[in-house]
Every structure is written in C-alpha cells, then in structure tokens.
Engineer: 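My structure is below; once you've seen it, I'll send some questions.
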There are 2 protein chains.
Amino acid sequence: MTIEKNEANKRLIEKINKVEENYTKNFSNTQKILLTTDGSITAILDVLYGKITLSTLEQHFDKADCEISKLINVNEGAQINYREVIMHKDDENLIYALSYIPLERLTDEICCDLVRADIPIGRILKNYRIESRREVNKIYIEKPNERLKDLFNTKEDMLAREYVIIHKNNVLMWIKEVFPVSKFTNI
Amino acid sequence: MTIEKNEANKRLIEKINKVEENYTKNFSNTQKILLTTDGSITAILDVLYGKITLSTLEQHFDKADCEISKLINVNEGAQINYREVIMHKDDENLIYALSYIPLERLTDEICCDLVRADIPIGRILKNYRIESRREVNKIYIEKPNERLKDLFNTKEDMLAREYVIIHKNNVLMWIKEVFPVSKFTNI
C-alpha cells in the first residue's frame, strides 16, 4: 500500500528515462524539470532568465474536431480557444506552446485575458487563484514543422510534452510545449 | 492592466534576488527553482536524483498555538498535524521539511497517509487528485538549529522557504523547507 502510494511520480521518471535511453544525447536537469514539473513553466523560466515575455503567434475560436474533443473531453463541435504562443527572453525564443481550451469551462474574465493579452496560462491561473492540478500525459522527441524551424532557427529535433490542467474534475486546458533538444543544456 | 496581470511571478523573483544580493554567494538555478516553484518539490528531486525517499523524523497531533493558528488560519487550540521529515537519496539528506496541517480540513484517508506512512505531501495531493494552488510567502537565509546541523552534518547557513497549499480557498497545509546553501550547487 505504502509502496504504491509512493509511486506517483514514477511513471513520469520512467517516461523521460525511456525517451532519453532511445536518444543519442542525455537531457540536462533543466530540460528534465521543464518536461516533468507539475508547476508553472513560466515561473521557472522567470527564475532562470529574469522575467520572460510571451508573444501570441495565433489565437482564434474554433470548433473541436474529433481528435481535440477527446483531448479536452468535450463534444465534437464544441467551441474552443486555439492559441499558439512563444515564450521568449528578448530575442531568444525559449518554448513554443499550443493550447486548446474549452470555452464552456472558462469564466468570462479568463476568456478575456486569453484573447486580449499576451499572458502565460500559469500567470492567468495565479491571478484568478484557480485551484487545479496538472497531469503530464506524454513526453517525446519530434521533428520540427516549418513554424518551429522558423521560430528556433534550427532543423534539429524537438523535445515535447503534452499535459492537461484539471479544474473541478475536468480538463480546463490541454497544452503542448516544445523546445529544441539543444535548448536549456547550459543553464 | 496587462502589465499588472503579467507581474504574478515578479514578487517571487524580487524576493530571491534580494536574498541573493544580501548574501556572499550566488544561488544556483536548481536552488532558485526549488525555492520558487509552485509545483511539487519531490517531483523535481525525483527527476534530479532518481526516485528519492522521505523519512519521518517526528509526527504528532498538537494544538495550534497563537503563531501556528495565524499561519494556517484556524482558531487557537485547533487540532493540527505536526510533521518533520527529511527527503533523501540513499544516505544523502536533501531537504528538511516542517509542516502544520489543520485536521479539520483533512479527509480521513489523507490523514491516515500523513500519520502512517512516509509519503511526501506532493505525492499525497497527486494520489487523491487534490486541486490546489501554492503560495510562496517567504524565502530567506537562516542559521541551522541542532537538528539541521545534525541532519546535514554542517554548521553552514541554510536556505529556507515557507509556503501554503490552498484548497477550497483555505490553507490546507503550511510548509517550511530548508537545505544548506551548498546543496544543489552542482546539480
């Protein structure tokens, strides 16, 4: 019983170890922390770089297709907020993030912040004192698409994770975060 | 408005910068992350060291005195769980933690886990899918007491932080974490 209850983080460690084993490079501690933490990523980047900035690359309302509806546990066709952002320190792009957020679970004020301003989700949750928990579902390596190649000015492999922020026992936000494998290796 | 909303982590960065400025050494990134994160500390240590272990040094029920009652927002005399633990990897002690938890806000099952087993609080919250938020209140340097000197086998200064875990808009747990200033400087 005790052993089982102590295994809560084990799956996550195994995940990242497996990805690392199957790859040619070892990951840095900062990379591992960024990929596995259940805390705010912007808070960690703020500490590492001094206050970082978020720029919205794309934001629009959309209808959930079959795939998205499963990720965020809504009916197909439900309204979602689609957002792509880049977290950066001055000219250095740090982490790209894609999020799907079901509008039916958002208060009007949070919705306004998401749409109008370049505010990281971690800061929005903090500002509105939202009680939540985060579940990291996937950690993996992927090839960059054109947007990522362009943002990070590289063709190298990317480290990615997908997680959900749970609030009132349901998915409030689905988030994918991506950065190049050479990023955060010397910090 | 936007600027204000983006300041959520600023107070925390300023806090740690101030402590660092007034000290003779710079802090490592790992130290800064451990002192400021609103995520699980055990999850971060698990990643850095491989799965870490918690040993309970002291655990008993007690009545909240004046000071404790203010920290956890209960009436003086209310029943609390007092717990002192050490997180360690094999023989290496990593972080000491002291916690005050008001029994009136605990479910029976969480109370059982706290009392019976050496389970870190982050893992307990995860196991019971508790939605919460963390507020770091203080970050500071302190001189070690006898217990800390003994645990870490050093008389050097200690880095400490105090934070609360908020659940259902009230303090579920007050926690103080402490480690020597030379710990986590090379990891």
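Just so it is clear: chains get the letters A, B, ... in the order the sequence lines come, proteins before strands, and each one is counted from 1.
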Engineer: Would you say that more than 12 heavy atoms from the other residues, nucleotides or ligands in this model lie under 6.0 Å from the CD of B/E58, or not?
Structural biologist: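 Counting neighbours around CD of B/E58, more than 12 heavy atoms of other residues, nucleotides or ligands fall under 6.0 Å, so yes.
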
Engineer: Are B/M158 and B/L45 connected in a single hydrophobic cluster, I mean Ile/Leu/Val/Met/Phe/Trp/Tyr linked by side-chain heavy atoms less than 4.5 Å apart?
Structural biologist: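 Not linked; separate clusters.
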
Engineer: Would you compute the distance between atom CG of A/N29 and atom CG of B/N186 and round it to the nearest 0.5 angstrom?
Structural biologist: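 The CG atom of A/N29 sits 11.5 Å away from the CG atom of B/N186.
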
Engineer: With hydrophobic residues grouped by side-chain heavy-atom distances under 4.5 Å, do B/I130 and B/I101 end up in a single group?
Structural biologist: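 Both belong to a single hydrophobic cluster.
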
Engineer: Heavy-atom count check: over 12 atoms from other residues, nucleotides or ligands less than 6.0 Å from B/N153 CG?
Structural biologist: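 Not buried by this count: 12 neighbours or fewer within 6.0 Å.
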
Engineer: Under a 4.5 Å heavy-atom cut-off, does chain B meet the side chain of A/N17, its backbone, both or neither?
Structural biologist: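 For A/N17, neither part sits under 4.5 Å from chain B.
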
Engineer: Measuring heavy-atom distances to chain A, does B/L125 have an atom under 4.5 Å in its side chain, in its backbone, in both, or in neither?
Structural biologist: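 When you check distances to chain A, no heavy atom of B/L125 falls under 4.5 Å.
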
Engineer: Is there a path from A/I166 to A/Y100 through hydrophobic residues (I, L, V, M, F, W, Y) whose side chains come within less than 4.5 Å of each other?
Structural biologist: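 Yes, same cluster.
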
Engineer: Look up atom CG in A/L48 and atom CD1 in B/I13, then write down how far apart they are to the nearest 0.5 Å.
Structural biologist: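 Separation between the atoms: 10.0 Å.
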
Engineer: Supply the atom-to-atom distance A/E131 CD to B/H167 NE2, rounded to the nearest 0.5 angstrom.
Structural biologist: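 That separation rounds to 6.5 Å.
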
Engineer: Is it the side chain or the backbone of A/L54 that comes within 4.5 Å of chain B heavy atoms, both, or neither?
Structural biologist: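 Nothing of A/L54, per the 4.5 Å heavy-atom cut-off to chain B.
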
Engineer: Non-hydrogen atoms of chain B under 4.5 Å away: do they reach the side chain of A/I16, the backbone, both or neither?
Structural biologist: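 For A/I16, no heavy atom lies under 4.5 Å from chain B.
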
Engineer: Can you name the side chain to side chain donor-acceptor pair (under 3.5 Å) partners of A/Y163, sequence neighbours left out?
Structural biologist: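 Once residues adjacent in sequence are excluded, the partners of A/Y163 under the side chain to side chain donor-acceptor pair (under 3.5 Å) criterion are A/R134, A/E177.
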
Engineer: Restricting to non-hydrogen atoms, name the atom on A/V47 and the atom on B/K32 that form the minimum distance, rounded to 0.1 Å.
Structural biologist: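 Minimum heavy-atom separation between A/V47 and B/K32: CG1-CB, 3.1 Å.
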
Engineer: Would you say B/L34 and A/Y49 are hydrophobically clustered, going by side-chain heavy atoms of ILVMFWY under 4.5 Å?
Structural biologist: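 Looking at the clustering, A/Y49 is in the same group as B/L34.
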
Engineer: If I take atom CD1 from residue A/I33 and atom CD1 from residue B/I44, how far apart are they, to the nearest 0.5 angstrom?
Structural biologist: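 Answer rounded to 0.5 Å: 5.0 Å.
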
